[in-house]
Amino acid sequence: MLSLRRADSDSRPLPDIGLLACAAVLVLIATAVLYSALRGIGEAVSFPNHVARVFVAALVTWGAYRIDYRWLARHSPLLFALALGLAGFATVAAGFRAGTRRWLDIGPLTLQPGEMAKLSLVLLLAWLIGRSGHEPLSVRAKVGWFAAAAALILAIAAQPDLGSAAILAGVGIGMVFLGGLRISWPVVAWGTAAAVVAAPLLWFFGLRDYQRLRVLAFLNPENDPLGAGYQSLQSSIAVGSGGLTGAGWLSGSQTGYEFLPAPHTDFVFAVLAEEFGFVGVVVVLGLYVYLGLRLLSIAASAAHDRDPVGALLVGGLFLMIHLQAGYNIAMVAGLVPIKGFPLPLMSYGGNSLLITGAAIGLAAAVQRRHWLA
Amino acid sequence: MHRPEWIGTVRQRLLWLRWPLIGIALVLVLRFWNLQIVRGDEFADIARDNYLRNERLRAPRGLIVDRDGRLLADNEPSFALVADARGLDQLEEIGALVSLDEEERAALRSRVARGPAPVRTRMGYEEAVFFESRRRDLPGVRVDFVPARRYPQGPATAHLLGYAGEVTAPQLLFEEFAWASAGDIVGQAGVERQFNALLTGRDGRRAQIVDSRQRILGPSDLRGAAPVRGETLRLNVSAPLHEAAHQAFGEEAGAFVALDVRTGAVLGLGSYPAEDPARFRADPELFRALTRHPRTPLLNRAIQGGFPPGSSFKLISAAAALAEGVVDADRKITCNGRTRVAGRTFRCHRAQGHGAVDLREAISKSCNVYFYRIAAEMDVDVLASWARAFGLGERTGLDLPGETAGLIPTREWKRRVYRERWYPSETASVVVGQGAVSVTPLQMARVAAAIASSGRLVTPRLASTDPPRRIPGIAPEHFALIREGMREAVLSGTAWRSRIPGFDPAGKTGTAQVANASRVARNNEDRPWEFRTHAWFVGFAPFDDPEIAVAVLVQHGGAGGAAAAPIGREILDAWRIASRSEGGASVALASAR
């Protein structure tokens, strides 16, 4: 463990240096990669925006670190209500962008309700499940909260932002699992059977045309190289052409000549893979793994210290960050269908960076509280 | 109070999550290993193909020069607008800019589907700039630099040189073009086609860096090669002959061939009317007009047209009669304007007759009766075998594609084609070059050369020469007799309009009837063009030491002496001037280099 203690006995502990350094290194690498990606699409003027956001994100991290996370968890229903309201408002009334309504313009700021929804859901579930250890919820309350969480997920899905909705669902299911849900194998079996039945129904009635195309394109990227499979194919070309050591910073042809789609947002990892090669990929994957191990370790020590809210909070944050990161990187590697959501800590975009920064700060706060563990 | 076992479960499950985390990370590492290390080179190649666009730099075709180095074909810079697959979406816009109709757009669409195809060729500098400046709006088209063929002699050498153009899809299926690939410029006709392998240069390559919208960002120093021009082809022909012939033909339709009597080198070969290929290749409208033109300016009459030779065929009949002993130098036949052969009456062109004529006079005055008497005494198959000895009825072997063989009728031929026997009276038509007899101007020039050289049958050649072969069985004095008759024709007979003081031409005229013409109108001048007689002049010069043999055909031109002999004169005179001037030729060669 990299967490340090002060030499004098009664003093407060230092923050978790390993966690913060790991996140900081990832952001630094991302900054270099984003410079190349933005330059490739002729948007180098946007680079200062990113640098400014990094500083704001650092402030948010510090703020989250200083705040009492248990106080925050107690007020999470309020935060959750706000996120639900925003998501609903964005879905119903906000302006159109890129054919979907994932953004909400407030003056110079662009709010993405999906990002906020993730953090608020994690806080809410940590509070609800963590409290239930000594103050069990009534069945009515359980149903009510479940319905509220489902409403949030549906609101996000209706934007339509299926990617974020799936992440939210994953985080929710994961946290219920962490919260000690007794796993009944017959239920798992029936659930699987139900999914098998539901999948074709969802395919024909639940998905929009472009969503169906994306799935098909993922299954067969070469079939339609200029259409829906284009992004997947160009991403694989960018990754593959990186080789062992990459084309070098600012030298990736897929990035520089605009073959790679969304190189600064959804496909930022492909830029890394092209310009820094397998070596860069392994380094960054290693950093994400280390970050995950740190988060899980902090959560486990909180549990050991009988702080179920802190444990579930950090466990949920781990799920939030790593489900997204895992899916995004797998998407760049061509293993899963293309979904438009960012790679936490690396993609260009303020909402994701600030929310992830807050998550890191909260995790560090939990660690500080249980540093003896 | 906390239930210890519950918080223990939470902790266990949190720690258990490490395994899926590490497991998924390992799967991803393996996947990136596969993409980047195992298949890295493959993807690197695809990435290079993505951003490098290989452009073909067209090699100019080789120059074509005449025997003295005068330019017959060279190249000038021009621009072409080329569309690729992305251009299909912009076809409406492009079509509006270069005014393509619906049909042309459909044709372009199908061509572009197979690969980049030219929308418009031979654009000027202004037009090239126009499209170049709209590259951002029209990424599907680009402006290519293409060397365009130029023919300085224009229509005068059009049929000789032919033209070069993009190889067509059906052509690619033939062995002749098996080496070519779509988009290649190949010789399509004439010398350009015959000597295509020599004239074709080696195209160069250049790699350009492009972005995903195919905008050119700059040249790449990878994989480049400069284009190499094709070899220079020196032909045996003399440009001034063509100039003279083109002028002399004026509005008339016809053809001429001039040969070196000793070697068979083609000194001139032309067919008129003609149009500069550089013009009609660039202008489909003009090309369509030419295909519908009543005087068929796209037909190379010199080698592709079979025409009745009329009285010029009497040279063959005379040689055959002398060789067979039917006539000799002294035998005279009395012409009183008409005679009967095999029960049919045949008339001489001079109603009151020529009186008693010998062979020389019969040739110089073109007396039909003299030759009708030969027909009465000679079998058509014998005559035909002598005609074939002079190379008629078969291809001469000229190094140009598309030559026709013509026709010399025989009994066997008539039986085969008409399922009828030969009537002796028909032989009378054959002796004077009528009936089914059909020859090309090239063949008649070869006949003239054979007579001028006392029986050496040359192989006409545009480049290099072949040794001539001897026509057996005809004595030199017999050839001399015929030559004297031809000289007399120029001095005092039908070919007097071909006189050149100091160059002493000898020649034979011909006025060939067209089938059924007399039913249309009695007088030649009153008939529609296509029923008028063909005018011929077949000759050589100088009389004492022949250098050049020439055959001139004026299609439906009227009388040989009036229409063809003056053109023959101009061609022979042009040769006289060109071959006797000094220095000018080498200056022209220097400018061609």
Side-chain angles (χ1 to χ4, degrees), chain A residues 129-130 132-134 174 177-180 226 233-234 236-244 246-247 252-254 256-261 273-274 277-278 281-282 285-286 288-289 292-293 296-297 299-304 306-308 311-312 314-315 318-319 322 326 329-330 332-335, chain B residues 1-53 85-86 88-89 208-218 220 222:
Chain A
I129 301 171
S132 68
H134 51 91
F177 163 76
L178 285 178
L226 285 176
L233 189 63
Q234 295 300 337
S236 290
I237 294 170
V239 169
S241 65
L244 180 65
S253 66
Q254 289 286 103
Y257 305 140
E258 297 181 49
F259 290 99
L260 189 66
E274 181 180 31
F278 186 66
V281 166
V282 169
L285 279 176
Y288 275 108
V289 169
L293 291 177
L296 289 174
S297 159
S301 49
H304 188 260
R306 298 184 178 279
D307 174 9
L312 287 165
V314 179
F318 162 79
L319 289 171
H322 282 74
I329 295 172
V332 166
L335 289 171
Chain B
M1 284 310 292
H2 291 150
R3 286 169 295 164
E5 67 282 11
W6 174 74
I7 195 77
T9 306
V10 171
R11 185 166 179 275
Q12 270 171 18
R13 289 190 174 177
L14 279 166
L15 292 175
W16 178 83
L17 273 183
R18 291 182 298 191
W19 302 116
L21 169 67
I22 292 169
I24 289 170
L26 281 178
V27 167
L28 288 172
V29 167
L30 283 175
R31 172 66 175 177
F32 280 97
W33 172 271
N34 178 262
L35 285 176
Q36 300 192 282
I37 309 298
V38 180
R39 297 171 65 191
D41 291 342
E42 172 195 335
F43 280 114
D45 285 346
I46 301 175
R48 206 172 300 121
D49 287 347
N50 251 352
Y51 74 88
L52 280 186
R53 192 172 69 196
R86 280 161 300 109
L88 287 177
D89 303 335
Q208 298 264 37
I209 296 177
V210 297
D211 68 9
S212 62
R213 269 164 278 180
Q214 300 296 311
R215 292 185 302 220
I216 293 175
L217 305 177
S220 157
L222 285 166

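Numbered from 1 within each chain, the chains take letters A, B, ... in sequence-line order.
The candidate from G174(A), G326(A), A273(A), G242(A) with the greatest count of non-hydrogen atom pairs under 4.5 Å with chain B is A273(A). Top candidate by heavy-atom pairs under 4.5 Å with chain B, chosen from S236(A), G315(A), A330(A), is S236(A). Looking only at heavy-atom pairs under 4.5 Å with chain B, the residue among G252(A), A300(A), A311(A) that has the most is A300(A).
For the side-chain contact (heavy atoms from CB on, under 4.5 Å) with Q36(B), the qualifying choice from V239(A), L244(A), V282(A) is V239(A), the only one to do so.
Only the side chain of F318(A) has a heavy atom closer than 4.5 Å to any heavy atom of chain B. With a threshold of 4.5 angstrom between heavy atoms, R18(B) approaches chain A through its backbone and through its side chain. Contact of I37(B) with chain A is made through the side chain alone, with heavy-atom distances under 4.5 Å. When heavy atoms are compared at a cutoff of 4.5 Å, W33(B) approaches chain A by way of both its backbone and its side chain.
In terms of modelled atom types and a separation under 3.5 Å, the side chain of R39(B) and the main chain of G240(A) share no donor-acceptor contact.
Contact detail for A44(B) and S241(A): the closest heavy-atom pair is CA-CB, 3.6 Å. Heavy-atom minimum distance, V29(B) versus F278(A): O-CE1, 3.6 Å.
Within a 6.0 Å radius of CG in D41(B), no more than 12 heavy atoms belonging to other residues, nucleotides or ligands are found.
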